[in-house]
Amino acid sequence: MPSLKNIALVGASGSIGEILLTALIEAQEFKITVLSRTSSIATFPPGVTVRKSDFTHTDLREALTDQDALISAVGATGFADQKTLINAAIDARVSRFIPSEFSADSQNDAVLALLPLFAQKTEVIEYLRSKEKDITWTGIACSGLFDWGIANSFLSYDIASRTATTWDSGDKKFTLTNQKQLGKALASVLRTPNATANQYLYISSVETTQNEILEALQRATGSNWTVQHTTTNAEVREGTAKLQKGDFSGALALVRATAFGDVAGLESNYARDKSLANELLGLEEENVDETIRRVVREAGHD
């Protein structure tokens, strides 16, 4: 199968979608079509074809005609709807479907226990496996996004205030992935469709700990930080309680738990617990200190 060139992307205006779209544009080798809902007011860079859709099967099939691959970057509310995308892609004879993974491992039972919503992702992978005679697929698990999560404080490090929250001892090892590394992985999957067909791939930029990240931040900012300590049990309990009350912010702590949490069977250190696809995809190992220095510099807080 030759390199996939005509690429459709759903969810391009979301946080992950923007990262993926930027990577596809920067690769300068793909013809990109963004599928956007008719009601959407999102705008996209020049050179990107925008196809408005009502997301019915008939309209999606028409929109996907002549596309080589369909990438789904839908958020939590759209996980279950991906089967509609898959069915339309099959009818339009799309070669590859890349589901909305790009996060923690949806194939891991401990992750699913923390984030039951991810069971919808698991069902999508199972559905794709059942359709392999009709369409190929590739899942990409990257754990948390490192530079993105430091820059916007999602990982509980706040550069502006020099404050951090550390779970348990802070010495548990896990892997994280930088934004550009995720984008490079996606582009590589599209370039090497035979080698990546019908696989669930694990990638990473760094193998690290919370304490190592904190020390790198203190070096990069030249100051001591104020550290608040918490535990896996406290964070999971509070996050779950919030979700049960309809407060979606609780899910954020549970997503962090998939990397930071001291949970049996979590397997969040992909470098040790999984077979990394970095070599297959041509991804180089990155450096914690270099990443932190770049993020601090870009934030203007060095």
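These numbers come from a predicted model, not from an experiment.
- The cluster map of Ile, Leu, Val, Met, Phe, Trp and Tyr, joined by side-chain heavy atoms under 4.5 Å apart, puts Leu115 and Phe248 in the same cluster.
- Looking at heavy atoms from C-beta onward, Val189 lies in side-chain contact with Leu201 at the 4.5 angstrom threshold.
- One distance of note links NZ of Lys5 with CD of Gln67; it measures 14.0 Å at 0.5 Å rounding.
- Residues Ala253 and Gly239 come closest through the heavy atom pair CB-CA, 4.5 Å.
- Asn6 contributes no side-chain N or O that, together with a main-chain N or O of Phe30, makes up a donor-acceptor pair within less than 3.5 Å.
- Shown here for Pro99 and Val124, the closest heavy-atom pair between the two residues is CB-CG1, 4.1 Å.
- Of the possible polar contacts, one joining the Gln199 side chain to the Ala195 backbone as a donor-acceptor pair under 3.5 Å is found.
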TODO: Before giving the answer on side chain to side chain contact (heavy atoms under 4.5 Å, CB included), spell out for Ile86 and Ile90 the whole-Å C-alpha distance, their side-chain angles and the decisive distance to 0.1 Å.
DONE: CA-CA 6 Å; Ile86 294 165; Ile90 289 171; 3.9 Å; yes

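- Of the possible polar contacts, none joining the Asp147 side chain to the Asn178 backbone as a donor-acceptor pair under 3.5 Å is found.
- Taking CZ of Phe44 as the start and CD of Glu18 as the end, the distance is 8.5 Å to the nearest 0.5 Å.
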Open item on the list: Between Tyr202 and Cys142, is the side chain to side chain contact (heavy atoms under 4.5 Å, CB included) condition met? List the steps.
Closed with: CA-CA 6 Å; Tyr202 298 89; Cys142 60; over 6 Å; no

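- At a threshold of 4.5 Å between non-hydrogen side-chain atoms, the residues Leu182 and Ile140 count as touching.
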Open item on the list: Does Ser205 form a side chain to side chain donor-acceptor pair (under 3.5 Å) with Lys180? I'd like the steps, not just the answer.
Closed with: CA-CA 10 Å; Ser205 291; Lys180 283 188 178 295; over 6 Å; no

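- The pair Asp59-Arg51 counts as a salt bridge, with a side-chain nitrogen and a carboxylate oxygen less than 4.0 angstrom apart.
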Task: Intermediate values then yes/no, side chain to side chain contact (heavy atoms under 4.5 Å, CB included), Thr49 and Ile32 - done: CA-CA 6 Å; Thr49 299; Ile32 308 160; over 6 Å; no

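- Between the side chains of Arg96 and Thr196, a donor-acceptor pair is found at a separation under 3.5 Å.
- Contact check for Lys172 versus Phe260: no side-chain heavy atoms found under the 4.5 Å cut-off.
- Side-chain contact between Leu64 and Leu70: present, with at least one pair of heavy atoms (C-beta onward) separated by less than 4.5 Å.
- Between Arg191 and Ala27 the shortest heavy-atom distance is NH2-CB, 4.0 Å.
- Remark: side-chain polar atoms of Asp247 are not paired, donor with acceptor, to backbone N or O of Leu243 under 3.5 angstrom.
- Summarising the geometry of Ser143 relative to Ala259, their closest heavy-atom pair is OG-CB, 4.2 Å, with the distance given to 0.1 Å.
- Nearest heavy atom pair, residue Pro45 against residue Leu21, reads CD-CD2, 4.0 Å.
- Atom-to-atom distance recorded for Ser95:OG and Asp134:CG is 12.0 Å, nearest 0.5 angstrom.
- Proximity of a side-chain donor or acceptor of Thr177 to a complementary backbone N or O of Leu145 within less than 3.5 Å is not detected.
- We find the CG-CG distance between Leu281 and Leu283 to be 5.0 Å, quoted to the nearest 0.5 Å.
- Between Lys173 and Glu212 there is no salt bridge, since no side-chain nitrogen of the basic residue lies less than 4.0 Å from a carboxylate oxygen of the acidic one.
- When atom types are taken as modelled, the side chain of Thr240 and the backbone of Arg237 share no donor-acceptor pair closer than 3.5 angstrom.
- Inspection of the Asn87 and Tyr127 side chains reveals an N or O donor paired with an N or O acceptor under 3.5 Å.
- Side chains of Asp158 and Ser161: a donor-acceptor N/O pair is present below 3.5 angstrom, by distance only.
- At a threshold of 4.5 Å between non-hydrogen side-chain atoms, the residues Asp81 and Phe55 do not count as touching.
- Glu207 and Tyr270 share no side-chain donor-acceptor pair at under 3.5 Å.
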Open item on the list: Show, in sequence, the C-alpha distance, side-chain angles and deciding distance for Thr56 and Asp54, and conclude whether the side chain to side chain donor-acceptor pair (under 3.5 Å) test is met.
Closed with: CA-CA 6 Å; Thr56 60; Asp54 59 11; 2.8 Å; yes

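- Using a 3.5 Å distance cut-off with no hydrogens or angles, the side chains of Asn278 and Glu285 do not pair a donor with an acceptor.
- Residues Val10 and Ile71 form no side-chain contact, since every pair of their non-hydrogen atoms from C-beta on lies 4.5 Å or further apart.
- Here the OG1 atom belonging to Thr175 is positioned 11.5 Å from the CZ atom belonging to Phe146, to the nearest 0.5 angstrom.
- A heavy-atom distance below 4.5 Å is found between the side chains of Leu117 and Phe79.
- Side-chain N or O atoms of Thr122 include one that pairs as donor or acceptor with a backbone N or O of Ser106 at under 3.5 Å.
- Checking Thr209 against Asn211 by side-chain atom types alone, no donor-acceptor pair falls below 3.5 Å.
- Judged purely by atom type and a 3.5 angstrom limit, Asp168 has no side-chain atom pairing as donor or acceptor with the backbone of Gly170.
- Heavy atoms of other residues, nucleotides or ligands lying less than 6.0 angstrom from CG of Asp66 number 12 at most.
- Side chain to side chain, Asp91 and His57 meet the donor-acceptor criterion of an N or O pair below 3.5 Å.
- Using a 4.5 Å heavy-atom cutoff, the side chains of Leu217 and Val295 are not in contact.
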Open item on the list: Assess the residue pair Trp167 and Glu235 against the criterion (side chain to side chain donor-acceptor pair (under 3.5 Å)); give the C-alpha distance rounded to whole Å, side-chain angles, the decisive distance to 0.1 Å, and a yes or no.
Closed with: CA-CA 9 Å; Trp167 294 38; Glu235 292 295 319; 4.8 Å; no

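- Under 3.5 Å, the side chains of Asp262 and Thr232 contain no donor-acceptor pair of N or O atoms.
- Summarising the local packing, NZ of Lys274 is surrounded by more than 12 heavy atoms from other residues, nucleotides or ligands at distances under 6.0 Å.
- Of all the heavy atoms in Gln218 and Trp225, the pair that sits closest is OE1-N, 3.0 Å.
- Around atom CZ of Arg93, no more than 12 heavy atoms belonging to other residues, nucleotides or ligands sit under 6.0 Å away.
- Comment: Glu238 engages Lys242 in a salt bridge, judged by a side-chain N to carboxylate O separation of less than 4.0 angstrom.
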TODO: Run the numbers on Leu20 and Ile16 for side chain to side chain contact (heavy atoms under 4.5 Å, CB included), then give the verdict.
DONE: CA-CA 6 Å; Leu20 302 181; Ile16 294 295; 3.9 Å; yes

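- With hydrogens and angles disregarded, a donor-acceptor distance shorter than 3.5 Å links the side chain of Gln181 to the backbone of Glu284.
- Judged by distance alone, the side chains of Ser72 and Gln82 do bring a donor and an acceptor atom under 3.5 Å apart.
- In this pair, Phe154 and Trp148 present their aromatic rings tilted. The plane angle is within the 30 to 60° band.
- One finds the OG atom of Ser204 at 4.5 Å from the CG atom of Leu276 (value rounded to the nearest 0.5 Å).
- Side-chain contact of Ser223 with Thr221: a donor-acceptor pair under 3.5 Å is present, judged by distance alone.
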Open item on the list: Please determine whether salt bridge (Lys or Arg N to Asp or Glu O under 4.0 Å) holds for the pair Arg272 and Glu267, giving the CA-CA distance in whole Å, both sets of side-chain angles, and the decisive distance to 0.1 Å.
Closed with: CA-CA 8 Å; Arg272 182 192 64 196; Glu267 298 184 339; over 6 Å; no

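- Counting only distance, with no hydrogens or angles, the side chain of Lys121 and the backbone of Glu101 share a donor-acceptor pair below 3.5 Å.
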